[in-house]
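Contents: one structure, followed by commentary.
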Amino acid sequence: MADTEGIVIETTDDLFLGGRLSILQPRSGHRSGIEAVLLGASCSAQPGETVLDIGSGVGVAGLIAGTLCPSAEITLVDIDQDAIRLASKNAPRNGFNAKCLAGDVTTSGALARLGLTPGFADHAIANPPFDPAARTQGSDNDGKRLAHSAPTELFDRWMRFAASAIRPAGTLTVIHRADELVHVLSAMGSRFGDLVVVPIQARPDTPATRILIRGHRDRRGDLKLMPPLVLHGASGNHFREDVDAVLRGRARIDMTTGTVASLET
């Protein structure tokens, strides 16, 4: 496909939430998958509230949050202009009137440059670059480097931006590497309280490789470490029944309990 500036981006059209979302993604480079689904499904937005997806890529997590909570207002922000061009197509083709903004959230004054008002968001979700830059220096895809790699200290700047965008007592939910937990707690803990951590394990007997962590802006409260979300059984590659329900849009992740909550009545 060619965007409005004539740049050709080869894409695939991928289904999420059991076909409820149809998402254009680059054929090569960074592509959203299960992590974006888990992040979007962990957002606790209510109808009429505003959700900010920081580092949105083509919009998967934010649009999933909006799909699971109809009438939520969605804002998507990413540094990658090609990703935001695709996000601006994905939103309307799935029935959303979302704001799709390109900008670097790690720079001073980013909120104002994006045209956003301090404290405008009820909730924010974030899927920051996981890997130190050295791990992906060999990638020849600029979008993939932007999505996957960043110096560790940039995470603190993401948290600063999130804190400026979220209303008092609003929530921030982040998915990150489990082995970065200490750094994540340090960066979030100075701005967000009542932190809840849900480890994500591939199998019951394997260490967690990812975490979901949620906090409330300017709120105090003890850190809570919840039971893990286990994706697969002890053998085989099938997703566990509760995880499959999340992937198909029939359930959300309740961060207050660390459990999967069905959306079906």
Side-chain angles (χ1 to χ4, degrees), residues 12 14-23 25 29-44 53 55 57-58 60-65 67-69 125-132 135-136 139 144 147-149 152 155 171-185 188 194-215 222-265:
T12 60
D14 302 311
L15 300 180
F16 289 82
L17 298 186
R20 293 168 68 182
L21 281 178
S22 177
I23 300 292
Q25 300 196 81
H30 174 67
R31 293 171 55 81
S32 295
I34 187 172
E35 289 168 354
V37 180
L38 297 179
L39 178 62
S42 67
C43 182
S44 57
D53 185 355
V58 299
V60 175
L63 297 182
I64 284 174
T67 300
L68 299 182
C69 182
I125 56 177
N127 185 4
F130 285 164
D131 296 321
R135 297 187 185 178
T136 49
S139 174
K144 188 171 185 177
H148 286 259
S149 65
T152 302
F155 182 75
T171 71
L172 169 66
T173 307
V174 176
I175 191 166
H176 213 292
R177 295 168 58 100
D179 58 5
E180 288 289 312
L181 177 58
V182 171
H183 180 67
V184 172
L185 290 175
M188 289 186 68
D194 199 17
L195 297 173
V196 177
V197 179
V198 177
I200 302 173
Q201 298 175 197
R203 302 188 186 279
D205 58 350
T206 60
T209 58
R210 297 286 184 265
I211 52 168
L212 282 165
I213 180 167
R214 190 191 70 178
D222 294 333
L223 170 68
K224 299 180 181 67
L225 182 61
M226 296 300 184
L229 178 68
V230 181
L231 303 182
H232 307 283
S235 61
N237 293 319
H238 296 293
F239 289 105
R240 288 164 53 102
E241 185 175 349
D242 58 345
V243 175
D244 187 68
V246 172
L247 299 181
R248 294 181 182 276
R250 299 196 299 263
R252 294 169 77 173
I253 299 171
D254 183 350
M255 292 294 291
T256 62
T257 62
T259 60
V260 171
S262 175
L263 293 172
E264 298 180 339
T265 58

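Sequential numbering from 1 along the given sequence is applied to the chain's residues. Every value quoted in this text rests on a predicted model; they were computed, and no experiment measured them.
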Worked verdict on Leu229 versus Val260 for side chain to side chain contact (heavy atoms under 4.5 Å, CB included): CA-CA 9 Å; Leu229 178 68; Val260 171; 4.0 Å; yes
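A salt bridge links Asp244 to Arg248: one of the charged nitrogens lies within less than 4.0 Å of a carboxylate oxygen. Looking at Asp14 and Arg31, a side-chain N of the basic residue comes within less than 4.0 Å of a carboxylate O on the acidic one, giving a salt bridge. The pair Asp242-Arg240 meets the salt-bridge criterion, with a side-chain N (NZ, NE, NH1 or NH2) lying under 4.0 Å from an Asp/Glu carboxylate O.
Although no hydrogens or angles enter the test, the distance criterion places a donor-acceptor pair under 3.5 Å between the side chain of Arg252 and the main chain of Cys43. Put simply, the side chain of Gln25 gets close to the backbone of Ser32: a donor and an acceptor are under 3.5 Å apart. Side-chain atoms of His232 come within 3.5 Å of backbone atoms of His238 as a donor-acceptor pair (strictly under, hydrogens ignored). In this structure, the side chain of Gln201 engages the main chain of Thr206 through a donor-acceptor pair within 3.5 Å.
Atoms CG and CZ, on Leu68 and Arg250 in that order, are 12.0 Å from each other to the nearest 0.5 Å. Residue Ile125 holds its CD1 atom at 4.5 Å from CG of Leu39, rounded to the nearest 0.5 Å. Taking NE2 from His183 and CE from Met188, the interatomic distance works out to 11.5 Å, rounded to the nearest 0.5 Å. In this structure, NE2 in His176 is found 9.0 Å from CZ in Arg210, a value given to the nearest 0.5 Å. The line from OG1 of Thr67 to CG of Leu263 is 11.5 Å long, rounded to the nearest 0.5 Å.
In this structure the side chain of Leu212 never reaches within 4.5 angstrom of the side chain of Val197, judged on heavy atoms. Side-chain atoms of Ile23 and Leu63, non-hydrogen and from C-beta on, do get closer than 4.5 Å to each other. Counting heavy atoms from C-beta outward, Asp179 and Thr209 have side chains that stay 4.5 Å or more apart. Side-chain contact between Arg203 and Leu231 is absent, with no heavy atoms from C-beta onward closer than 4.5 Å. Using a 4.5 Å heavy-atom threshold, the side chains of Ile200 and Ile211 count as separate. Using a 4.5 Å heavy-atom threshold, the side chains of Lys224 and Thr256 count as separate. A 4.5 Å side-chain heavy-atom check between Leu195 and Arg214 finds every atom pair outside the cut-off. A heavy-atom distance below 4.5 Å is not found between the side chains of Val246 and Phe239.
Scanning both residues, Val184 and Phe155, for their nearest heavy atoms gives CA-CE2, 3.8 Å. Closest heavy-atom contact between Asp254 and Ala261: CB-CB, 4.3 Å. Among all heavy-atom pairs drawn from Val230 and Pro204, the shortest one is CG1-N, 3.5 Å. In terms of heavy atoms, Val60 sits closest to Ala36 at CG1-CB, 3.8 Å. The shortest heavy-atom contact between Ile64 and Ala41 is CG2-N, 3.9 Å. For the pair Val198 and Pro227, the tightest heavy-atom approach, listed with the atom from each and the gap, is CG1-O, 4.0 Å.
Checking Leu185, Val196, Leu225 one by one against Ile213, the side chain to side chain contact (heavy atoms under 4.5 Å, CB included) holds for a single residue, Leu185.
Partners of Arg20 by side chain to side chain donor-acceptor pair (under 3.5 Å), not counting sequence neighbours: none found.
Other residues, nucleotides and ligands contribute more than 12 heavy atoms inside 6.0 Å of the CG atom of Asp205.
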